[in-house]
Visitor: 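One structure coming up, written as structure tokens, with questions to follow.
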Amino acid sequence: MINLTINNIQVKAEEGMTILEAANSVGVHIPTLCHLKELFPTGSCRICVCEVSGFRGLVPSCAYPVGEGLRVETNSQRVRRARKTIVELLVENHPEDCLICVRNKNCELQDLSEKYGMREHRYVGEKKQHAIDISSASMERDPAKCILCGRCVRTCNEIQNVGAIDFTNRGFRSNVTTPFNKGLNISDCILCGQCILVCPTAALREKSSLKVVTAAINDKTKYTVVQIAPAVRASLGEEYNLPIGTNVTGQLISGLRRLGFDNVFDTNFAADLTIMEESAEFIDRFTKSNNLPMFTSCCPGWVKYIEQNRPELLKHVSTCKSPHEMEGAILKSYYAKKMGINPKDIFVVSIMPCTVKKFESERPELATEHHPDVDAVLTTRELVRFFKMAGIEFDDLPEDEFDNPLGESTGAAAIFGTSGGVMEAALRTAYFKLTGNNLQSVELSEVRGNNGLKEASFEINGNKINVAVVNGIGNIDPILDEIQNGNSKYHFIEVMACPGGCVNGGGQPIHQQREKILKRIETLYEIDKNSVSRFSHDNLFVKKLYEDFLTEPNSSKSHEILHTNYFNRKKILEQ
Ligand code: FES
């Protein structure tokens with residue numbers, strides 16, 4: 001252990017720790033901007049500087065290691081003055097439109113400006129001017145609000161391995177942008193929104209769909225239906241200061257009813273339906289040794305990635321639509337007929353933890369008889385804004401229940417929101433279909449956890465099935481290389497673009513406790529554990545749907561309504 005002093009506090013730190021980490025370990029807070037816990041420090045923003053004995057200049061605490069006998073001052077007048085100057089310079093080159101900004105009251109620059117007592121403009125000068133990139137269906141990029149901390153660039157390049165954005169130019173002209181400053185929609189971006197989660201300001205944000213949703217609710221000719229993704233119920237409470245991972249399903253439902261939706265359904269219903277289709281598709285491919293390994297298709301960021309980077313492998317991707325698209329498709333076919341409503345008059349809104357779902361809902365191939373399956377997608381953050389606009393105090397909401405028949409679900413559906421959940425749910429049903437029995441040990445620990453790659457082998461009816469779970473798109477390339485080289489050992493692979501799965505999607509609440517968000521996963525596993533049924537094939541309403549309408553999984557009717565196709569996007573990017 002290393003002994004040092006921080007603000008006169010005796011600290012014992014492990015060798016290799018940074019001063020920042022040592023300070024945090026004794027409750028001394030040092031501000032950061034460019035720092036990302038999981039990545040090697042760049043020390044570029046200097047907001048974390050402190051005075052260290054033996055050094056003339058100030059030292060960036062996020063990048064400097066602890067040393068025996070060091071004396072560190074994190075809150076001296078010199079330190080505060082330096083930090084204040086950095087903040088002042090950043091603010092002077094910022095639009096300062098806080099009152100109309102989507103990150104108002106949740107902005108790290110605003111917070112630092114307050115903390116360091118910025119009360120006047122001391123460095124008035126030219127501000128950088130940039131156009132806002134509104135080209136994509138999911139996200140907006142506003143370079144004028146960028147403070148060049150580089151967290152988005154590093155997340156995109158070093159965690160996601162996508163590399164859609166980077167720094168260009170020097171000095172005052174420095175900028176974060178796409179190659180040739182083209183729109184995000186024609187860059188390598190997969191719209192996962194991981195960059196939004198780490199952006200300290202609103203330089204990166206989702207494209208809002210609130211106007212179109214409020215207009216639909218106010219339109220008396222529309223029958224508005226809303227559905228909620230599994231991960232949203234385990235995260236929305238954080239926006240209301242509830243402990244991370246609090247399950248707020250009941251209040252969420254009653255809040256949505258008060259917003260004026262005609263029906264509140266559950267995407268989990270369609271997650272069970274997805275499992276029925278996907279497990280049938282897998283068994284069919286497995287028994288025929290056809291296009292193996294099969295990839296899951298629930299994550300539209302992953303689908304966009306393979307379309308853009310390895311279109312030659314698209315035949316390996318399941319043709320199943322993602323759960324919210326399946327729910328929309330059933331609403332505008334089976335449910336519309338049952339209720340005697342013209343599908344054109346049904347307006348489906350999905351509340352999603354994800355930014356790519358906005359892009360996905362606009363894909364023309366995800367439409368049936370010229371109606372999109374889903375008309376609009378709101379992220380978890382947008383829903384919170386909607387509640388605020390409507391004067392809904394979340395804390396005061398009573399608990400309520402989903403409407404049926406598309407609100408019923410099993411525990412298997414709940415775990416869709418976490419990495420490994422789709423695989424686990426699919427294997428539970430595949431096992432039943434192959435053996436006629438339910439798994440005795442339902443929880444498949446091999447595919448749980450937060451490793452970037454999880455592998456397992458299962459013996460089912462004398463067949464050895466090798467599966468893999470890719471947790472974060474940054475881990476996919478070696479798996480794709482193996483398939484391309486003809487030496488993949490896997491039969492079935494789940495891929496989620498966001499590390500941790502949908503619980504950590506780009507549309508989720510933004511806060512400074514990112515290391516705790518995995519608690520959301522525990523909540524989803526808890527919902528599964530406490531469910532009456534934990535097998536998708538036991539969902540009574542899904543069974544009825546097959547009896548009344550779809551006949552059987554993987555049938556021609558299912559393919560017409562619930563399956564889709566993909567195409568080569570590499571060509572678009574190369575144009
Ligand atoms: Fe340490 Fe930016 S946070 S230099």
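For ligands, and for the atoms within them, numbers begin at 1 and follow the listed sequence. Model, not experiment: these values are computed from the prediction. Every heavy atom of this structure was used, including side-chain atoms; hydrogens, water molecules and symmetry mates were not.
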Visitor: So, Tyr240 and Glu393: side-chain donor and acceptor under 3.5 Å apart, yes or no?
Guide: no
Visitor: Applying a heavy-atom cut-off of 4.0 Å, say which part of Ala63 lies close to ligand 1: side chain, backbone, both or neither.
Guide: neither
Visitor: Any luck finding a side-chain donor-acceptor pair between Glu88 and His121 under 3.5 Å?
Guide: no
Visitor: Within ligand 1, which atoms have a heavy atom of Cys45 less than 4.0 Å away?
Guide: 2 (Fe), 3 (S), 4 (S)
Visitor: So, Glu96 and Lys127, do they make that salt bridge, N to O below 4.0 Å?
Guide: yes
Visitor: Check each atom of ligand 1 against the heavy atoms of Gly43 and keep those under 4.0 Å away; list them by number with element.
Guide: 4 (S)
Visitor: List every atom of ligand 1 that sits less than 4.0 Å from any heavy atom of Ser44, numbering the atoms from 1 in the order shown and giving each element.
Guide: 4 (S)
Visitor: Distance check below 2.8 Å: does His35 bring an N, O or S atom to atom 1 (Fe) of ligand 1?
Guide: no
Visitor: Given Glu206, which partner from the list Thr355, Thr379, Thr380 fulfils the side-chain hydrogen bond (donor to acceptor under 3.5 Å, both in side chains) test?
Guide: Thr379
Visitor: So, is Cys34 placed with an N/O/S atom under 2.8 Å from atom 2 (Fe) of ligand 1, counting both backbone and side chain?
Guide: yes
Visitor: Please confirm whether Arg448 makes a cation-pi placement over Tyr525, using NZ or CZ under 6.0 Å from the six-membered ring centre and within 45° of the ring normal.
Guide: yes
Visitor: Looking only at side chains, do Asp477 and Tyr305 share a donor and an acceptor under 3.5 Å apart?
Guide: yes
Visitor: For Arg46, take its heavy atoms, then give the atoms of ligand 1 lying under 4.0 Å from any of them.
Guide: 2 (Fe), 4 (S)
Visitor: Within ligand 1, which atoms have a heavy atom of Leu33 less than 4.0 Å away?
Guide: 3 (S)
Visitor: Quick one: angle Cys48 SG - atom 1 (Fe) of ligand 1 - Cys62 SG, to the nearest 10°?
Guide: 110°
Visitor: Would you say the side chains of Ser136 and Lys207 form a donor-acceptor pair under 3.5 Å?
Guide: no
